[in-house]
Structure formats: structure tokens, C-alpha cells
Amino acid sequence: MSPFQEAVYAVCRRIPRGKVSTYSDIARVIGKPRAFRAVGNALNRNRSKSVPCHRVVRSDRGTGGFARGRKAKMALLRKEGVNITRGKVSESCFFRFV
DNA sequence: CTAATGACCATTA
DNA sequence: ATAATGGCCATTA
């Protein structure tokens with residue numbers, strides 16, 4: 001695993017159940033604010049159950065992609081209590097890494 | 001080394 | 001509202 005990938009997964013693991021973060025936020029937290037696209041790539045390759053990669057969405061609050069399809073991603077999120085209406089995640093569901 | 005590829009983002013039409 | 005565009009960056013061929 002590359003150091004970049006390790007960093008992305010480490011941050012992703014901190015997102016609590018029922019909350020979400022964005023590709024952009026993760027990129028910023030790992031100190032590479034412009035690597036948001038690469039973050040998506042790293043998460044795409046994730047196969048570890050311990051990394052809740054479905055909790056990462058787009059900055060415009062859209063759900064974003066998922067290896068097994070957007071449908072599956074939304075189902076998982078809703079199952080943990082994340083509210084999604086008209087394809088957008090509620091503002092109150094965003095986790096802040098302060 | 002170069003070129004292509006995305007689970008992105010912001011802007012523009 | 002959707003579609004296209006240019007930019008960004010780690011990874012892979």
C-alpha cells in the first residue's frame with residue numbers, strides 16, 4: 001500500500017456511523033488539498049471492510065460514485081441513518097474533523 | 001520517462 | 001436544470 005492510500009484510509013476510518021465527509025475534506029486533512037481526485041481513486045480500490053468508504057460523498061452533497069454502484073452506496077448510508085433527499089445528503093449529516 | 005485513467009471540483013454555456 | 005471544459009493528482013500501463 002502506498003503512503004497516500006494509507007493516509008486516506010486512516011482519515012476515512014474516523015468518519016462515524018451515520019455521518020459523511022467529502023473527497024475534498026479528506027484531501028485537505030491529509031495535507032494535500034488539491035488531491036481530491038486521487039482520493040476518489042484510492043477509495044475506489046479499497047476492499048477492506050474496516051474502511052467505511054461509502055461515507056465519502058461529493059462536495060456538492062451528491063452521493064458520488066461507488067464500486068458496486070450508487071444504489072448500493074445510498075442503501076448503506078440510509079441504513080446507518082444518513083438522510084438523502086433528491087440525491088443530496090442533508091447538511092446535518094456532515095462530520096467535521098476539527 | 002510519457003500517456004492515460006478516474007468514486008472530483010468549479011466554472012461556464 | 002444538464003453538459004461540457006479545464007484543472008488537479010496518485011496510480012497504472
Side-chain angles (χ1 to χ4, degrees):
Chain A
M1 282 209 116
S2 72
F4 178 81
Q5 211 167 126
E6 289 284 5
V8 170
Y9 294 163
V11 174
C12 185
R13 267 188 279 260
R14 320 222 307 260
I15 307 173
R17 234 185 87 122
K19 294 278 175 178
V20 301
S21 185
T22 68
Y23 298 96
S24 187
D25 276 2
I26 290 183
R28 184 157 30 73
V29 172
I30 66 179
K32 300 190 175 184
R34 273 152 281 138
F36 39 77
R37 196 161 187 182
V39 168
N41 265 305
L43 291 175
N44 181 30
R45 294 181 200 108
N46 172 55
R47 271 185 197 57
S48 170
K49 173 88 167 71
S50 66
V51 177
C53 60
H54 61 284
R55 298 185 190 144
V56 185
V57 301
R58 299 193 324 204
S59 63
D60 66 354
R61 293 166 48 214
T63 72
F66 196 60
R68 304 183 337 252
R70 298 179 126 131
K71 314 258 342 214
K73 187 169 183 176
M74 289 182 57
L76 285 171
L77 288 174
R78 291 209 165 111
K79 185 157 36 176
E80 344 185 302
V82 174
N83 176 277
I84 306 173
T85 46
R86 287 188 302 272
K88 302 281 184 175
V89 177
S90 300
E91 203 61 58
S92 61
C93 298
F94 282 80
F95 174 68
R96 305 281 178 204
F97 298 96
V98 285

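Per chain, numbering begins at 1; letters A, B, ... match sequence-line order. These numbers come from the heavy atoms of this one structure, side chains and all, not from hydrogens, waters or symmetry mates.
- A distance-only check finds no donor-acceptor pair linking the side chain of A:Lys73 to the backbone of A:Arg55 [under 3.5 Å].
- Checking side-chain atoms of A:Arg28 against main-chain N and O of A:Pro33 turns up no donor-acceptor pair under 3.5 Å.
- Contact annotation: A:Asn41 side-chain N/O to B:dG6 OP1/OP2 distance is not under 4.0 Å.
- Note on A:Ala67: a base of the nucleic acid sits closer than 4.0 angstrom, heavy atoms only.
- With a cut-off of 3.5 Å on both Watson-Crick or G-U wobble distances, the partner of B:dC8 is given as C:dG7.
- Contact annotation: the side chain of A:Val20 approaches that of A:Phe94 to within less than 4.5 Å [non-hydrogen atoms, C-beta and beyond].
- B:dA7 atom C1' lies 11 Å from atom CZ of A:Arg45, rounded to whole Å.
- Proximity of a side-chain donor or acceptor of A:Arg47 to a complementary backbone N or O of A:Arg45 within less than 3.5 Å is detected.
- Annotation: proximity of residues 75-98 of chain A to DNA chain C (heavy atom, distance under 4.0 Å) is found for no residue.
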Discussion item. Treating primed atoms plus P, OP1 and OP2 as sugar-phosphate and everything else as base, which nucleotides of nucleotides 8-13 of chain B get B, S or - for protein heavy atoms under 4.0 Å?
Written reply: BSS---

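- The shortest side-chain heavy-atom distance between A:Asp25 and A:Phe36 does not fall under the 4.5 Å cut-off.
- Side-chain contact check for A:Leu43 versus A:Tyr9: some heavy-atom pair is nearer than 4.5 Å.
- Counting heavy atoms from C-beta on, the side chains of A:Arg68 and A:Leu76 come closer than 4.5 Å.
- Side-chain contact check for A:Ser48 and A:Ser50: at least one donor-acceptor pair (N or O, by modelled atom type) lies under 3.5 Å.
- Look at A:Lys32 and you won't find any side-chain N or O under 4.0 angstrom from OP1 or OP2 of C:dC9.
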